[in-house]
Amino acid sequence: MKSVKGTRDLLPRDTYLFQQLEQGALVHFARYGFREIRTPIFEETQLFLRGIGDETDIVSKEMYSFEDKGGRSITLRPELTAAVCRAVIQHQLVGPTDIVKLMYMGPMFRYERPQAGRYRQFYQLGVEVFGSDDPLIDVETIEALMSFIQPYGLPNLELIVNSVGDSTDRPAYLAYLREALDDVRDQLCNDCQTRMVRNVLRVLDCKNENCQSLFGELRPISDFLSHENRQHFEAVCNGLSQLGIPYRLNPKLVRGLDYYTKTAFELVSGDLGAQSAVMGGGRYDNLVQTLGGPATPAFGWAMGLDRMASLLAARGMEEKGPDLFLVFGERSWLDQALPWIVKLRHQGLEVTYDLRVGSFKSQMKRANRENARWTGIIGTAEWANGTVSMKHMATSEQTTLARENVAKFIEEQHA
Ligand code: AMP
């Protein structure tokens, strides 16, 4: 038996990268006031129909929906913004003057065509800010993202921003698009012909080169933005510049979910092939109300952890080995040394050994393979006088210590 098409096992070499991101995120985003929320893996299908928009690809083609034994229509969450809004409304987390910052991480499910970097179960880490339409929130929340990924030193990442307007100005742009595209309708790909009827804004991010060449002359949405929305967008762009965050304006950037208003943005990588989006997000000032809550402007983004992890792996980030690998001259010495080994672990060290206690050579080989920082060799002389010969694996430097001093020694070396 194998894992289901489009799903995969995350093995320790993968989970190590995920944990780096997840644990780093909890610390980093706490500094901005984000607290974690965990919502169920499945929700009522209705939530996503109303929240994401029934003409979107996600809702029309990609949802894992089923009827449970009680006859309810259930859907495995394809994204979390709608579910977080549902929780915010249900628990009345946002009062009229509150700003609430939530973060989440976990698996999402979409029935997409699997390919490199695209899975049917994938993982997202995301943040949502509820309660303000101030452009400062957009700037601050994008900055939080950029400074989160900055220490990983990933090259070829580009922040792309746009404003998709809202109900005050977008309808005029949609009407313009329909009219402008009407003449070339027959030359558009099948998907775009459908989008023209169902969700015309989405034609702009069609990947088909022929379609894109036909869109060259189209006016950008920025020509249509209301005074207020234009001001908002300018404030976001100025704020990013003030913080020294490079970005590129792309008037054709539209997101795959209907709920976005005003600011929309994506972070794309030149190192990921066709699935180049590492994360995406924006403002969604109407979603909470659409889902039955009070008028609550909001802003958020979601990062694809699978894609981030593959970028980290390509940069050579890998699991570190144990602090100490112990090599014994005799198997019986290992048995007798067990209380000491346990104590080292209680003192905070990662300690491993080869249970079979073969030849020195085979044990050293294994220490190398496990990428141990130190190897502690206990041969006849060391066993007799209660010492360990500590070999630093990267430099091959060696020094002999009393056994009880090992934990302190390693701690000092790595301080
Ligand atoms: P979205 O919710 O569509 O805005 O996606 C946000 C991010 O999640 C994307 O930029 C990707 O990094 C990631 N993502 C979305 N769908 C998938 C998928 N099927 N497989 C892997 N990552 C995905």
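We number each residue from 1, following the sequence as shown. In listed order, ligands and their atoms are each counted from 1.
- A donor-acceptor contact under 3.5 angstrom links the side chains of Ser147 and Tyr32, judged on distance only.
- Nearest to atom 11 (C) of ligand 1 among the protein's heavy atoms is Arg307 NH1, 3.4 Å.
- Contacts between Val278 and ligand 1 below 4.0 angstrom, taking non-hydrogen atoms only, involve the backbone exclusively.
- Among all non-hydrogen protein atoms, the one lying nearest atom 4 (O) of ligand 1 is Arg255 NH2, 2.4 Å.
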Could you walk me through whether Glu112 and Arg118 satisfy the salt bridge (Lys or Arg N to Asp or Glu O under 4.0 Å) test, starting with their C-alpha distance in whole Å, then the side-chain angles of each, then the deciding distance to 0.1 Å, before giving a yes or no? CA-CA 8 Å; Glu112 290 188 89; Arg118 199 206 269 156; 3.5 Å; yes
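- Atoms of ligand 1 lying under 4.0 Å from any heavy atom of Ala302, numbered from 1 in the order shown and given with element: 6 (C), 7 (C).
- Scanning the protein heavy atoms around atom 21 (C) of ligand 1, the nearest turns out to be Gly117 O, 3.2 Å.
- For Arg315 (side chain) and Gly153 (main-chain N/O), a donor-acceptor pair under 3.5 Å exists by modelled atom type.
- Nearest protein heavy-atom contact of atom 20 (N) of ligand 1 is Tyr119 N, 3.0 Å.
- Taking all heavy atoms of Ala277, Ala264, Gly281, Gly304 into account, the minimum distance to atom 10 (O) of ligand 1 is reached by Ala277.
- With distances taken over non-hydrogen atoms, the option nearest atom 6 (C) of ligand 1 out of Met308, Gln124, Met279 is Gln124.
- Considering backbone and side-chain atoms alike, Phe122 places every N or O at 3.5 Å or more from each N or O of ligand 1.
- One side chain, His232 or Asp138, offers a donor N or O that lies under 3.5 Å from an acceptor on the other.
- A cation-pi arrangement is not found for Arg366 relative to Phe325, the charged atom failing to lie both closer than 6.0 Å to the ring centre and inside a 45° cone about the ring normal.
- In this structure, Glu79 does not pair ionically with Arg110, as no charged nitrogen and carboxylate oxygen lie closer than 4.0 Å.
- Closest heavy-atom approach to atom 2 (O) of ligand 1 among the candidates Arg110, Glu79, Glu266, Arg120: Arg110.
- A cation-pi arrangement is not found for Arg77 relative to Phe48, the charged atom failing to lie both closer than 6.0 Å to the ring centre and inside a 45° cone about the ring normal.
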